[in-house]
Amino acid sequence: PSVPEVKKQKNAQKKVSATKLSEEEIQPGTPEPVEGRVHVYVQTELYLEEISDLIIEVDGECQTDEFLDRPTTPLFIPAKTGKDVATQIEEGELFDFDIEVKPILEVLIGKTVEQALLEVMEEEELAQLLAHQRAFKELRDAEFAELQRLEEQDRRIREEKERRRLEHQEKLQKQKETAEKIAARAFAQRYLADLIPSVFNNLHESGFFYDPIERAIETEFFPWLMSEVEETLQKKVLGRIMLD
């Protein structure tokens, strides 16, 4: 197709797209589907209608020039500012290194040697302090061990004294109890010397001491004999009554 026809077709497409955009802007759109679902366009009218709208398609062509090679970017060099200045040093104007550095080296070496001597003296002093501490600790441990030994000895002596005192008290208590028992026994013997015969006499008079044969005859034989005699008499009386 010629260029004017292509322009007309493009203008018609622009008008159609503009009208569609305006309609889409006027009509509310459907919200986006949820995840996992897709909208399907279906007809919702009472009667189905055939869709006969056809989209106009137009082929177009365009001629462009080929890409040209881009030149390399030049190196960035900032603009120079200020002025160049130079200094000329003649021979003999600077200091002599060997002469000027000697005092500094002497000071550094002296300070280093002094610091080293101080550190050595400090180490020796620390070693002496540690030795004194070790000796003091050994002496203190020995004194503490001796103190514990003396305390243990004193404790044993106190326990021995307490044990001997308790033994002495117990011995005195036993002696006292023994004396009291002996005195009580002697008093009881003197008190019971006349009491026992009188008690036996009273018991004998009261009937606590008896002849076992005599008691058996009185308590067993006589009651049996009387019961037998009474039974015999009752039989005789019964025979006489029957005879009468």
Side-chain angles (χ1 to χ4, degrees), residues 31-37 69-200 203:
E32 294 295 331
V34 296
E35 185 177 358
R37 296 190 178 184
D69 294 335
R70 181 176 179 277
T72 57
T73 303
L75 182 64
F76 174 75
I77 300 175
K80 187 176 181 180
T81 58
K83 297 180 180 179
D84 295 335
V85 177
T87 301
Q88 180 66 32
I89 299 174
E90 299 295 337
E91 185 177 358
E93 291 183 356
L94 296 178
F95 65 91
D96 188 353
F97 183 80
D98 296 334
I99 297 174
E100 298 292 338
V101 171
K102 185 176 180 180
I104 299 173
L105 289 176
E106 289 179 354
V107 172
L108 292 175
I109 293 171
K111 288 292 183 181
T112 303
V113 173
E114 183 180 1
Q115 186 67 26
L117 290 174
L118 289 175
E119 290 179 358
V120 171
M121 292 173 65
E122 184 178 359
E123 289 178 357
E124 291 180 355
E125 187 177 359
L126 289 174
Q128 291 179 0
L129 287 175
L130 290 175
H132 284 298
Q133 288 180 357
R134 193 179 300 108
F136 176 74
K137 185 177 179 182
E138 292 177 356
L139 180 61
R140 186 183 61 182
D141 293 340
E143 291 178 354
F144 183 70
E146 183 66 20
L147 179 61
Q148 286 184 343
R149 188 184 66 79
L150 293 175
E151 288 179 353
E152 184 67 20
Q153 184 179 0
D154 186 40
R155 184 183 64 80
R156 289 198 300 270
I157 292 172
R158 287 198 306 271
E159 289 180 355
E160 183 67 21
K161 287 182 179 180
E162 185 68 19
R163 186 176 62 81
R164 290 180 180 275
R165 185 180 65 81
L166 294 175
E167 288 179 354
H168 182 65
Q169 288 183 357
E170 186 177 358
K171 183 178 180 181
L172 293 177
Q173 185 70 21
K174 287 183 178 180
Q175 289 178 358
K176 183 178 179 181
E177 291 177 357
T178 304
E180 291 177 353
K181 288 180 180 180
I182 292 171
R185 183 177 180 182
F187 176 76
Q189 287 179 355
R190 287 195 304 269
Y191 179 77
L192 296 175
D194 299 331
L195 181 63
I196 292 174
S198 62
V199 170
F200 276 102
L203 291 175

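All heavy atoms count here, side chains included; hydrogens, waters and symmetry mates do not. Source: prediction; values computed, not measured.
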**Asked** Could you give all pairs that pass the salt bridge (charged side-chain N to carboxylate O under 4.0 Å, His left out) test and reach residues 158-172, with sequence neighbours left out?
**Response** D154-R158, R155-E159, E160-R163, E160-R164, E162-R165, R163-E167, E170-K174
**Item:** Euclidean distance, L129 CG relative to E124 CD, rounded to 0.5 Å
**Value:** 12.0 Å
**Message:** What verdict does the side-chain contact (heavy atoms from CB on, under 4.5 Å) test give for Q173 and E177, after you've listed the backbone C-alpha separation in whole Å, the side-chain angles of each residue and the deciding distance to 0.1 Å?
**Reply:** CA-CA 6 Å; Q173 185 70 21; E177 291 177 357; 3.4 Å; yes
**Request:** State the CD-CD distance between E119 and E114, to the nearest 0.5 angstrom.
**Result:** 11.5 Å
**Request:** Rounded to the nearest 0.5 Å, what's the gap from CG on L139 to NE2 on H132? Could you check?
**Result:** 13.0 Å
**Message:** Rounded at 0.5 Å granularity, tell me how far CG in L130 sits from NZ in K137.
**Reply:** 11.5 Å
**Message:** Once rounded to the nearest 0.5 Å, what's the spacing between atom CG of L126 and atom CE of M121?
**Reply:** 12.0 Å
**Request:** May I have the step-by-step check of side-chain contact (heavy atoms from CB on, under 4.5 Å) for K181 and R185, ending in yes or no?
**Result:** CA-CA 6 Å; K181 288 180 180 180; R185 183 177 180 182; over 6 Å; no
**Request:** Evaluate whether atom CD of Q148 has more than 12 neighbouring non-hydrogen atoms of other residues, nucleotides or ligands under 6.0 angstrom away.
**Result:** yes
**Message:** Is it the case that over 12 heavy atoms from other parts of the model lie below 6.0 angstrom from the CD atom of E180?
**Reply:** yes
**Asked** Does CZ in R149 sit with more than 12 non-hydrogen atoms of other residues, nucleotides or ligands closer than 6.0 Å?
**Response** yes
**Message:** Could you measure the distance from the CD1 atom of I104 to the CD1 atom of I109? Nearest 0.5 Å is fine.
**Reply:** 12.0 Å
**Non-neighbouring partners of D141 that pass salt bridge (charged side-chain N to carboxylate O under 4.0 Å, His left out), sequence neighbours left out** = none
